[in-house]
Protein chains: 2
Amino acid sequence: MGRKRTKSGKIRLAEVAELAGVSPITASRFFRNPEALSVAKRTRVESAARELGYVPNLAARALASQRTEVIGVLIPSLTNNVFSDVLRGIYDASEGSRYSIQLSNTRYSILQEEKLLRLFLAQKPAGLIVTGIDQTTESRAMLEAAECPIMQIMEIGPNPVDMMIGFSHYDAARAAIAHLFDQGRHRVGFVGARMDPRVQRRLDGYGAAMKDAGLFDQRLIVTTATPTSVTLGGALFADLLAREPDIDAVFCANDDLALGVLFECRRRDIAIPDQIAIVGFNDLEFMAASVPTLTSVRTNRYEMGSTAAAMLIEAIEGKRPERPVLDLGFTVIERQSSQTQRQAASPRAGEWMPAAQNDSVTNEP
Amino acid sequence: MGRKRTKSGKIRLAEVAELAGVSPITASRFFRNPEALSVAKRTRVESAARELGYVPNLAARALASQRTEVIGVLIPSLTNNVFSDVLRGIYDASEGSRYSIQLSNTRYSILQEEKLLRLFLAQKPAGLIVTGIDQTTESRAMLEAAECPIMQIMEIGPNPVDMMIGFSHYDAARAAIAHLFDQGRHRVGFVGARMDPRVQRRLDGYGAAMKDAGLFDQRLIVTTATPTSVTLGGALFADLLAREPDIDAVFCANDDLALGVLFECRRRDIAIPDQIAIVGFNDLEFMAASVPTLTSVRTNRYEMGSTAAAMLIEAIEGKRPERPVLDLGFTVIERQSSQTQRQAASPRAGEWMPAAQNDSVTNEP
DNA sequence: GTCGCTGCTGGTAGCGCTGTCAACGTTCCT
DNA sequence: AGGAACGTTGACAGCGCTACCAGCAGCGAC
């Protein structure tokens, strides 16, 4: 003996065990797998722990068990509304579980991501959530060698490292352009900022749709590497307009840009949708509140986060999903900004969904 | 011996020490306080660590040293733009330091905050950042008993637990109303949502300013506990207008509401600023991009986060600031939505700052 | 009655690192 | 020259928990 109730009066597992009249290891089991105890001991340990206000020491647990109960999350931006919704989903789903979230910001740099990945992996996380499908070769190798479940989010594509939840940005963009064609628009401009891989894929979808219709024109595309903003939306649109005054629609790579375009039109007295139709991407809350209301492609951001975390936790606990790739789809929410003539009553008429909406698995490993 | 290079081939400190030809404890010191080593050993350990790709085991370190290198952060919302800016500041300032951020969401509940606080404190964090000054008595007691530096952010007030960074929401609201008075407005409405303590203080500031001018009227105030949104801004403004059609200005508790008011005015063909002036709060990016541009109270959110994290880290490392309370101030950014007659060229004329802007300490413990 | 088998419990031995303190060599002072 | 003072280093003993394996009942099967 010689050591009991050491400094700082912290309650240790041993104290709980002593009070409950069991061995420390039995008390330990109570916290990890209560089912394994007899009912009698279980209640004894439980009340002892409560009485002493015992809180397990996670560092000791991690050291002894050689693993942590941390889920690492790598996202490219903390400012972008899109990620705050995803994050909220992740935090909500992890709450109540034993796992805690460790967040890091890659700032849209895959090199930074690689660095952070190395850091995370060294601490043996219980699981990992990474953004997108564009990792460096090195990152990819580390992820594949990792001993924990991995979830890639925001996007789906071929060759998942492990699990994947997202939707096709390419298809979503195509659907948005198809909607504009439906409305009789032909000269559709593209406005994009930041141009991360997902925005690039939206541009690809736009380009393919335009080409298929024989309407592609490189000059209709205005992009910049600058981070997105409402102000930038206005500026890029002004550029586009200066170059191609005869456009009849603009597809914006995100909603901030779309709002910027809306304001720029107002500034120039361009009628929406009569002269120019606007379609955004993500369907942030303000899109339904603006004047005119703005059409956008709704993405299931919160669900992406919460489902990703929930599935990851299941996988950590041994229950691997039958389908590792989950397509959460998207919906083109048609609003005033893109409706050529007055349509039926509902401002949300015509929702577009992918063929097999909820579980359309696009690729298997 | 008998145990070297154990399972999983992980490099331990002992291996590094062996390769460097020093004792483990010396190698340990290299990572915590390199200055304490002779230059010769320092370089030896350094190259040995690099050669082996050594990564310290944080769990073991935490267990042995009885403290962690984790900074806990408690914020009320992950969705609110305001907090994402603050968070970005916190993450940026912690990057490069040895400390990692552990984030939790209180969802605007001080009971939830108390629960999370208990959880955090049990893991002996290196420091803690909490939002606001309205904690439960129990939380307050725990914070005061904590053995680590504590930073309260977003707001300043009397009796800091330890350190505090923020600004006076009361004064900021008063400044906004003063600006409207300057512009000749008298019937100033207030539109607020969520009504957390900081919004409440803005309302108090509004009320005080109105009373001082003899213009206070309870019916000018429209609030709700519902979470804020652009749509809600329009709805609340509609309520206000129905009740008090003769208002000539609206002070919105945040920018989303202000944008909603702007759109509602557009919907009703109310001229801004001729018929109604609008002032928001926070000065989010879109306020400068809208048509008309929207006046707002700029708050230094990113700086609040980065300064808080930087000061906290300093304090953790023993360098306590000479002034524990830091007022980061605010600025009324005057734009078209509140300017009665055409003013001087600069659209940002008339910036208002608190008397001693950068370090006006309002209260000392 | 013996042999497994299962279900529960406990002992032992670390997990990888750091706090403490003693020991050492060197320098500087008297 | 002797000793104090300093800077640098290492031995030892855990930090609080869990992995591993052994032990011990209680049970049914043969």
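Below, chains carry the letters A, B, ... as their sequence lines are ordered, and counting in each starts from 1. Both backbone and side-chain heavy atoms feed into the values below; hydrogens, waters and symmetry mates do not.
Between B:Glu114 and B:Arg118, at least one side-chain nitrogen of the basic residue sits less than 4.0 Å from a carboxylate oxygen of the acidic one, meeting the salt-bridge criterion. Looking at A:Arg67 and A:Glu147, no side-chain N of the basic residue comes within less than 4.0 Å of a carboxylate O on the acidic one, giving no salt bridge. Remark: B:Arg107 engages A:Glu95 in a salt bridge, criterion side-chain N to carboxylate O under 4.0 Å. Electrostatic pairing of A:Arg140 and A:Glu144 counts as a salt bridge here, judged by a charged N lying under 4.0 Å from a carboxylate O.
Put simply, B:Tyr54 has no side-chain N or O that comes within less than 4.0 Å of OP1 or OP2 on C:dG16. Close to D:dT9, at under 4.0 Å from its OP1 or OP2, lies no side-chain N or O of B:Ser23. A close approach under 4.0 Å does not occur between any side-chain nitrogen or oxygen of B:Thr26 and OP1 or OP2 of D:dT8. Checking the phosphate oxygens (OP1, OP2) of C:dT18, a side-chain nitrogen or oxygen of B:Ser28 falls inside 4.0 Å.
Taking atom CG of A:Asn33 as the reference point, atom P of D:dT18 lies 12 Å away to the nearest angstrom. D:dT18 atom C1' lies 10 Å from atom CZ of A:Arg61, rounded to whole Å. Whole-Å rounding puts the A:Arg67 CZ to D:dT18 P distance at 9 Å. Rounded to an integer number of Å, the gap from A:Lys41 NZ to D:dA25 P is 13 Å. One interatomic measurement links the two molecules: CZ of A:Phe30 to C1' of C:dG10, which rounds to 18 Å at whole-angstrom precision. The interatomic distance linking B:Gln66 (CD) with D:dG14 (C1') rounds to 10 Å, in whole Å. Straight-line distance from the CD atom of A:Glu15 to the C1' atom of D:dC15: 13 Å, rounded to whole Å. For the pair A:Leu58 CG and D:dC15 P, the computed distance is 18 Å after rounding to whole Å.
Counting atom types as modelled, B:Arg32 pairs no side-chain N or O with a base atom of C:dG19 as donor and acceptor under 3.5 Å. A donor-acceptor contact under 3.5 Å links the side chain of A:Arg29 to the base of C:dG10.
Where B:Leu37 and B:Leu63 meet DNA chain D, the nucleotide closest to each residue was compared, and B:Leu37 sits on the side nearer the 5' end. Mapping A:Ala64 and B:Ala60 onto DNA chain D by nearest heavy atom places B:Ala60 at the nucleotide closer to the 5' end.
Interatomic distance, A:Ser139 OG to A:Asp134 CG, rounded to the nearest 0.5 Å: 11.0 Å.
Residue contacts shown for A:Ala59 are absent, as no nucleic acid heavy atom lies under 4.0 Å away.
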